[in-house]
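Working notes, beginning with the structure itself.
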Amino acid sequence: MGKKYFKYIVVLICSMCLTFTIFMDKSADITTINELINIFHHDVGLIVGVVWGVFVYLGLRFWEQFKKSENKLMIFCLSILFSQLFWFGMRLDQFDSLINLDRSNILQWLIVTAGLIFLFVGLLTLFLKLINGEEITTTEIATSNKKIFVASAVICLIAWSIYFIAFYPGIVTQDSYSQINQALGYEVFSNHHPFMHTLLIRFIVVNIYKITHDLDIGIAVFTILQMIANALIVAYTQIILNKLKVKKFIRLTALSFYAFNPLVGVYVITMWKDISMGASLLLYLLLIIELLYLHNRTKKVFIGLFFAGLAVLFSKATGIAMIFLSLIGFIFIMIKDKKINIKFSVVIVSSIIVWVTVQTLAINVFGILPTEKGESMSIPLQQIARTVVHCDSELTAEEKETINEILPYDMIAESYQPRISDPIKSKFNERAYEENPGKYQKLWLELGKRYPIIYLSAFLNNTYGYWYPETDYQFTSPDSYDTVIRMYVKRGWEKWITNPNYKEYNISDEYFAARLNNYYRVNNLRQIPIIGILLSIGLYFWIYFVLFVRCFNQKDKRLFIPLSLVIGVFISCLVSPVHAEMRYAYPAMVLFPMILILSFKNLGENTNG
């Protein structure tokens, strides 16, 4: 009798916990049963009851599917992991600190954990059943690659042109504003923003500006060319999927992801190095698919892989993480699979050697300023700063003096912001650090041993947006070159404006207001449920993690290489200066449709050489 009713009891309790999790106030602790019952007030009581009933129905349906699954242990372990990531992400998002479990919030933790495990078990069971059993290939005669390529590129350009018109001549952020000034000769050339990207801006924008004497036209031409380049790469994804004999519906779904996703539409008209990185990494992945899945190992493909690798490396310094991990993947499968020869690894190593050589020449011979040391030290600087804020009275005079040599001690408390490292990094004394790095590294390690929870909190606060799906963040900007100048003028920072002709630009409130209104229209699209999901950084990485675990379990060595690119992106996000910014995760997002399709068991079986 007990076994007969066990599933009903579990489903009833867990579905009730999930309902409470959805409706409870996440910004406050629920400490008593009475506070929990208050969720059922007359305004939403009926709605809560209906939602609970739906969850009970779905839970009973998925119970048997979970019992039949070959991945029960994996599903259950992942569900526990995701429930805890959600809990701690929620706490960090609300309170900026790790809150230990005690009597004040143990009830809420138990409810959230049980409800979310119930939810994730159902979702993961459905997801793994889909990718393990769904037939995504077809035996129909393939459509002409030429027609697919042209049609896909045109669809993307038409869809993206809406954003181009709304934000003409394109979106120029503060980063790209600095790059334009470098290209115009108003600022010293620096590798703080990749110098190759700045040279590209100089080649296009500045040359057009010299002809037209209108900077907006130069920026518009750059934006249009960037749109075309992205559209061509997206069109290439359709050719790859056609060659893989993927069903038409799935190909069109993938195309829609790129063409009608508002985030992609806004990003392809933004002058950012991250957009170049995303396009280059997608091209790099497509060429890997040519080699590993389509077995197209012609000279043309290897040359393409070499230049795509270079494009990734020159787009952003963090590109080395993706390229290096893909190299490790190729070496690994080369050992396991004799069909994969050393040529794969040689091409990647060659691109790395060329990148290192050019970077070295640019800095040591041509005098381009190197990237500041502080750019790669967001996490340790944040950890030291948080230690000062929370443990000032416990630090010795010697420790305070040592910290003061690289960070002005008296300014740390007012400068430290848990979710962004820029205020602290801007005060970092790089010269003092380089004179004796071992001294400061030793201090960092010693403080970490004494205050591990403080260090962990600093790290999680600066990164939780990349592993917590409900993080809110600004995913784009309304700015143009003119509005950035306007911002400097409005704030009284005119002495920092390097363009001597800045008074000639349109800094009117009306111009900025028009762009800001269009920005709000785009940003409000995230309130639409499906679009909101597409903009969740944490959700992408959760799905990728599921695919990685499945790849490991099934020993799918080919899929490890595409996934290694995502691991590289995730690592670069974790060392970034902001707790959540889609542009850092954007390369992983644009790879998503292709890697998800590669994960289908049916596709893998049909492409084994």
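Owing to the predicted nature of the structure, the values given are computational and were not obtained by experimental measurement. Heavy-atom basis, side chains included; hydrogens, waters and symmetry copies ignored.
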Just to verify, what does [X] make a side chain to side chain contact (heavy atoms under 4.5 Å, CB included) with, not counting sequence neighbours?
X      : value
Ser161 : none
Pro370 : Ile363
Ile75  : Phe66, Ser69, Asn71, Ser79, Val121, Leu124, Thr125, Leu128
Val349 : Leu327, Ile353

Is there a side-chain contact between [X] and [Y] in this structure, where contact means two heavy atoms from C-beta onward sitting under 4.5 Å apart?
X      : Y      : answer
Phe88  : Tyr468 : no
Val546 : Phe120 : no
Gln554 : Asn132 : yes
Ile171 : Tyr163 : no
Arg251 : Ile148 : yes
Val312 : Leu283 : no

Residues which pass salt bridge (Lys or Arg N to Asp or Glu O under 4.0 Å) with Lys425, listed by chain and number, not counting sequence neighbours: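 So Lys425 forms a salt bridge (Lys or Arg N to Asp or Glu O under 4.0 Å) with Glu375, Asp422.
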
Set of salt bridge (Lys or Arg N to Asp or Glu O under 4.0 Å) partners for Arg419, sequence neighbours left out: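 Only Asp96 meet the salt bridge (Lys or Arg N to Asp or Glu O under 4.0 Å) criterion with Arg419.
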
Non-neighbouring partners of Asn462 that pass side chain to side chain donor-acceptor pair (under 3.5 Å), sequence neighbours left out: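 Only Gln382 meet the side chain to side chain donor-acceptor pair (under 3.5 Å) criterion with Asn462.
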
Salt bridge (charged side-chain N to carboxylate O under 4.0 Å, His left out) pairs, two or more places apart, involving residues 559-587: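 Every salt bridge (charged side-chain N to carboxylate O under 4.0 Å, His left out) pair that includes a residue of residues 559-587, provided the two are not neighbours, is Asp175-Arg583, Asp274-Arg583, Glu581-Arg583.
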
Any pair counted as ring pair (Phe, Tyr, Trp, His ring centres under 6.0 Å), so long as it reaches residues 239-261, sequence neighbours left out: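 For residues 239-261, and leaving out neighbouring residues, there are no ring pair (Phe, Tyr, Trp, His ring centres under 6.0 Å) pairs at all.
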
Residue pairs involving residues 554-578 (criterion ring pair (Phe, Tyr, Trp, His ring centres under 6.0 Å); sequence neighbours excluded):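 Pairs touching residues 554-578 that pass the test: Phe541-Phe570.
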
Pair Phe195 and Phe189, ring centroids less than 6.0 Å apart: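 No, too far apart.
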
Rounded distance [0.5 Å steps], [atom1] in [X] versus [atom2] in [Y]:
X      : Y      : atom1 : atom2 : result
Phe324 : Ile571 : CZ    : CD1   : 10.5 Å
Asn181 : Ser176 : CG    : OG    : 10.5 Å
Lys243 : Leu294 : NZ    : CG    : 6.5 Å
Leu559 : Phe552 : CG    : CZ    : 13.5 Å
Ile250 : Glu135 : CD1   : CD    : 9.0 Å
Ser599 : Phe548 : OG    : CZ    : 12.0 Å

Minimum heavy-atom distance between Tyr540 and Asn261, given as atom pair plus value: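 So the minimum-distance heavy-atom pair works out to OH-ND2, 4.5 Å.
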
Minimum heavy-atom distance between Val566 and Leu591, given as atom pair plus value: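 Looks like CG2-CD1, 4.3 Å.
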
Derivation and outcome, side chain to side chain donor-acceptor pair (under 3.5 Å), residues Tyr584 and Thr318: CA-CA 10 Å; Tyr584 295 126; Thr318 52; over 6 Å; no

Option from Pro587, Ser326, Pro562 for which side chain to side chain contact (heavy atoms under 4.5 Å, CB included) with Leu285 holds: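 Answer after filtering Pro587, Ser326, Pro562: Pro562.
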
Among Thr357, Asn364, Val358, side chain to side chain contact (heavy atoms under 4.5 Å, CB included) partner for Leu361: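 Exactly one option meets the side chain to side chain contact (heavy atoms under 4.5 Å, CB included) with Leu361, and it is Thr357.
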
His197 and its side chain to side chain donor-acceptor pair (under 3.5 Å) partner, picked from Lys273, Arg202, Gln179: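 The single option meeting the side chain to side chain donor-acceptor pair (under 3.5 Å) with His197 is Gln179.
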
A quick test of your reading: do over 12 heavy atoms of other residues, nucleotides or ligands sit less than 6.0 Å from [atom1] of [X]?
X      : atom1 : answer
Phe307 : CZ    : no
Lys247 : NZ    : yes
Lys72  : NZ    : yes

Contacts of Phe149 that satisfy ring pair (Phe, Tyr, Trp, His ring centres under 6.0 Å) - sequence neighbours left out: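 Result, ring pair (Phe, Tyr, Trp, His ring centres under 6.0 Å) vs Phe149: none returned.
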
By ring pair (Phe, Tyr, Trp, His ring centres under 6.0 Å) - contacts of Tyr586 (at least two apart):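 Tyr267.
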
Side chain to side chain donor-acceptor pair (under 3.5 Å) evaluation trace for Ser190 with Gln182: CA-CA 8 Å; Ser190 165; Gln182 289 180 36; 5.0 Å; no

